[in-house]
Amino acid sequence: MQPVIAVSNLSKTYASGFRALKHIDLDIRRGEIFALLGPNGAGKTTLISIICGIVNATEGTVAVDGHDIIRDYRAARSMIGLVPQELTTDAFESVWGTVAFSRGLFGKSANPGHIEKVLKDLSLWDKKDSKIITLSGGMKRRLLIAKALSHEPQILFLDEPTAGVDVELRREMWQLVRSLKAGGVTIILTTHYIDEAEEMAERVGVISKGEIILVENKAELMRKLGKKQLTLHLQEPLDTVPPELGDYRLDLSSDRGELIYTYDTQGEQPSIAALLDDLDKAGIRFKDLQTTQSSLEDIFVSLVREDR
Amino acid sequence: MNIHAMRAIYKFEMARTRRTLMQSIISPVISTSLYFVVFGAAIGSRIAQVEGITYGAFIVPGLIMLSLLTQSIANASFGIYFPKFTGTIYELLLAPVSYLEIVVSYVGAAATKSIILGLIILATATLFVPLRIAHPLWMILFLALTAVTFSLVGFIIGIWADGFEKLQLVPLLIVTPLTFLGGSFYSIDMLPPFWQTVTLFNPVVYLISGFRWSFYGIADVSVAVSLAMTLVFMAISLALVAWIFKTGYRLKT
Ligand SMILES: Nc1ncnc2c1ncn2[C@@H]1O[C@H](COP(=O)(O)OP(=O)(O)OP(=O)(O)O)[C@@H](O)[C@H]1O
Ligand SMILES: [Mg+2]
C-alpha cells in the first residue's frame with residue numbers, strides 16, 4: 001500500500017548554518033499512530049514543519065498521499081491538520097470564531113455542527129464564546145487541537161499535544177486520538193512522555209541529532225530490545241554465587257539476599273525453568289520471586305545514550 | 001481559488017477593525033478636524049483663494065489623501081505583522097491558500113477600512129467647508145486605487161519589519177514627509193521653479209493632484225499622468241509582493 005506520507009532524502013540547514021535534519025527517509029502508513037521520539041533539539045518539530053509547509057526543506061522531497069508538498073501544495077495541505085508545539089493563538093478572538101476561521105482557511109464551507117462536536121469532544125463547549133486570552137494554558141492547547149480538527153483532516157500531526165495538560169484530560173485526549181484513528185485518521189505525534197507513546201503508538205521512530213536512528217513496530221521494539229529481570233528473594237543470604245550457576249551470570253544484591261537474573265526476550269540464554277532446576281540442585285531456596293520488563297522509556301534512553 | 005479562505009481572512013481582519021473601531025475612526029477624524037480649524041479657518045482666512053477655490057475647500061482632497069495613505073499603510077502592515085509577531089502566521093503558511101489569495105484578502109480588508117475612513121473624513125469636511133465634487137466616479141476610483149496601492153505598500157512593510165519600530169519607521173520617515181510635500185496644503189505652482197521640478201519626483205503629488213482634480217477640475221499635473229503614475233506604483237508594489245512570496249522572504253525559514 002502506498003504510504004500516506006513519503007519523506008525521502010530530506011535535509012534541512014537553517015540560515016545559521018545549523019544542520020537540523022540529515023537525509024531523512026521515512027514512510028508513514030495510512031491509518032497508523034506513529035510516535036516520533038527524540039531528545040530536545042533532535043529535529044522533530046523541524047521535520048513536522050517541513051511536511052506541513054511551514055519550513056522550507058534544503059534538499060529532498062515529501063509526498064502526502066502522492067501529492068508533492070511543493071508542486072501540489074493545495075491537495076497535500078488540505079489533508080493535514082497540525083497542532084503546533086508552541087501555544088500560539090490570537091488573543092481577542094472568541095473560541096468559536098477562531099475555530100471557524102481555521103475551517104474556512106482550509107477551504108471548507110461553514111459547518112456549525114462539526115465545530116460544535118469538536119469543541120464538545122475537547123471539553124471546550126462552555127468556553128465557545130470566551131475570548132482566547134481568558135483561557136488557561138491547557139485550554140489553549142486543546143483549542144489548538146480543535147482548530148486542527150476543524151477542517152476534518154485525514155492526517156493529524158500532534159507536536160507534544162499533552163504538554164501542560166492535566167492527567168484526566170490527558171486520558172480524554174488519548175481517547176480522542178483513538179477515536180480519530182478508528183475513523184481512519186493517520187496520526188503522527190511527538191512526545192516526551194514515553195508512556196504516552198507506549199500507550200498509543202503502533203510504530204515508533206527515534207530521531208537524534210537530525211537522523212532517524214530507528215523505526216520499528218512498538219511491540220517488535222519492546223521484544224527486541226526489551227530486557228527482563230528475574231529477582232529471587234532468598235531464604236538464606238549467600239556469600240557468593242555458586243560456581244555451578246556460572247552460566248547464568250547471576251548478580252547478587254548488595255545485601256546478599258537476592259539473586260538477579262537478567263535475560264532478553266529473544267530467548268538465546270538458558271531458560272528460567274533450567275535456572276530454577278539448577279538452583280534446586282544447588283540447594284538454594286527462595287521465598288519469593290518477581291520479574292520486571294524494561295519499558296519503552298528505558299529502551300529509548302539507552303538508544304539515545306548510545307548515539308551520543 | 002480557495003474562496004472560503006479568502007472570506008475567512010477578510011472577515012477576520014474586518015472583525016479586528018470593528019474591535020478597534022474607536023481608535024481607527026475617531027483619531028483620524030479628530031486630527032482632520034484640527035487641520036481644518038488650523039489651516040482652514042485660522043490660516044486660510046488670510047490666504048486668498050487658490051485657483052478660484054477657498055483655501056479650506058482646496059485642502060480637503062489633500063487631507064483625505066494624507067489619512068488614506070497613512071491609514072492604508074498602518075492597517076495593512078499591522079494586519080500581517082501581528083500574526084508574524086504572535087506566531088499565528090503558522091496557520092496561514094499551513095493552509096492550502098495561494099500567496100495571491102493571501103495578499104488579496106489582507107490588502108482587500110485594509111483597503112476597505114481606509115476607503116471607509118476616507119469617506120468619513122469627507123463627510124466630516126462638509127461640516128467645515130462647502131464642497132463640490134465634479135467627477136464623483138473618478139473620485140471613488142482614485143480613492144480606491146490609492147487605498148489598494150498603499151495597502152500593498154503596508155503589506156510589504158509588515159512582512160519586512162521585524163520589530164515595532166520598523167513598522168513605524170517607513171510611515172514616519174517617508175510617507176508623512178512625502179505627503180506634506182506632495183501638495184496637500186498648497187498648489188505646486190506656489191513653489192519656486194526648482195522645487196517644482198523636485199516635487200515631480202514625489203509620487204504622492206500625482207495622487208493628490210488627480211484626486212483634487214476629481215473634486216474641482218483643477219490639477220497640478222494632467223489627470224492622465226496622475227492615473228498612469230498611480231497604476232505604475234501599484235504595479236511596482238505588486239511586483240515586490242510577488243517577489244516576497246516567491247522567495248519566502250521573511251516568512252519561511
Ligand atoms: N529557525 C531556526 N534557526 C536556526 N536553528 C533552528 C531554528 N529552528 C530550530 N533550530 C535548531 O534545529 C534543531 C532542531 O530543532 P527542533 O525544534 O526541530 O527540535 P525538536 O526535536 O522539536 O526539539 P524539542 O523536543 O525541544 O521540541 C535545534 O538544535 C534548534 O536549535
Ligand atoms: Mg519540538
Side-chain angles (χ1 to χ4, degrees), chain A residues 12-16 18 20 45-46 48-58 67 69 72-94 97-111 131-132 144 147-148 150-151 153 157 159, chain B residues 1-24 78-106 108-109 158-159 162 164 243-253:
Chain A
K12 174 66 186 178
T13 306
Y14 279 108
S16 58
F18 183 82
T45 301
T46 304
I48 291 176
S49 300
I50 292 176
I51 298 173
C52 293
I54 299 175
V55 169
N56 289 324
T58 311
H67 306 290
I69 55 161
D72 214 356
Y73 70 95
R74 273 197 215 263
R77 289 186 195 172
S78 51
M79 294 181 69
I80 296 180
L82 166 69
V83 180
Q85 180 175 5
E86 302 287 330
L87 284 176
T88 46
T89 57
D90 294 306
F92 305 107
E93 280 279 302
S94 71
T98 194
V99 176
F101 172 76
S102 298
R103 187 178 168 86
L105 211 50
F106 277 78
K108 292 275 170 82
S109 55
N111 182 347
K131 282 186 177 168
I132 298 170
L144 289 178
K147 280 166 78 76
S150 68
H151 59 274
F157 284 92
D159 201 350
Chain B
M1 280 287 258
N2 188 344
I3 295 290
H4 290 295
M6 295 175 71
R7 190 181 301 150
I9 295 172
Y10 187 84
K11 261 178 67 182
F12 179 91
E13 282 298 291
M14 293 315 281
R16 194 170 61 80
T17 301
R18 271 194 297 282
R19 280 198 300 270
T20 53
L21 196 65
M22 276 307 169
Q23 47 162 318
S24 47
F78 198 77
I80 192 70
Y81 176 76
F82 205 64
K84 257 185 18 171
F85 176 71
T86 59
T88 54
I89 191 140
Y90 86 87
E91 216 181 0
L92 211 55
L93 299 175
L94 188 71
V97 286
S98 71
Y99 293 137
L100 185 67
E101 287 156 5
I102 294 177
V103 175
V104 169
S105 324
Y106 273 100
I159 284 180
D162 50 12
F164 279 99
W243 175 81
I244 283 173
F245 278 128
K246 215 169 156 193
T247 56
Y249 173 76
R250 296 227 168 156
L251 277 174
K252 283 194 196 183
T253 43

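Here is the naming used below: chain letters follow the sequence lines, and residue numbers restart at 1 for every chain.
No side-chain donor-acceptor contact under 3.5 Å links A:Arg103 to the backbone of B:His4.
More than 12 heavy-atom neighbours from other residues, nucleotides or ligands sit within 6.0 angstrom of OH on B:Tyr10. When the shell of 6.0 Å around NZ of A:Lys131 is examined, it contains 12 or fewer heavy atoms from other residues, nucleotides or ligands.
Residue A:Thr89 touches chain B through its backbone alone, counting heavy-atom pairs closer than 4.5 Å. Heavy atoms of B:Ser105 lying under 4.5 Å from chain A are absent altogether. If you measure heavy-atom distances from A:Leu144 to chain B, the contacts under 4.5 Å come from the side chain alone. Contact annotation for A:Lys108: only backbone heavy atoms (N, CA, C, O) come within less than 4.5 Å of a heavy atom of chain B. Residue B:Arg7 does not touch chain A at all, counting heavy-atom pairs closer than 4.5 Å. Heavy-atom distances place both the backbone and the side chain of A:Ser102 under 4.5 Å from chain B. When heavy atoms are compared at a cutoff of 4.5 Å, A:Phe92 approaches chain B by way of both its backbone and its side chain.
In this structure the side chain of A:Phe106 reaches within 4.5 angstrom of the side chain of B:Leu94, judged on heavy atoms. Considering only heavy atoms from C-beta on, A:Arg74 comes within 4.5 Å of B:Ser98 through its side chain. With contacts defined as side-chain heavy-atom distances shorter than 4.5 Å, the pair B:Ile9/A:Phe101 qualifies.
Atom OG1 of residue B:Thr86 and atom CD of residue A:Glu86 lie 12.0 Å apart, to the nearest 0.5 angstrom. How far OG1 of B:Thr88 is from NZ of A:Lys147: 8.0 Å, rounded to the nearest 0.5 Å. The line from OH of B:Tyr90 to OG of A:Ser49 is 11.0 Å long, rounded to the nearest 0.5 Å. Here the CZ atom belonging to B:Phe82 is positioned 8.0 Å from the CG atom belonging to A:Asp90, to the nearest 0.5 angstrom.
What you find for A:Leu105 and B:Val97 is that their closest heavy atoms are O-CG1, 3.8 Å.
Contact tally against chain A (heavy-atom pairs below 4.5 Å) for B:Ala95, B:Pro83, B:Ala15: the top residue is B:Ala95.
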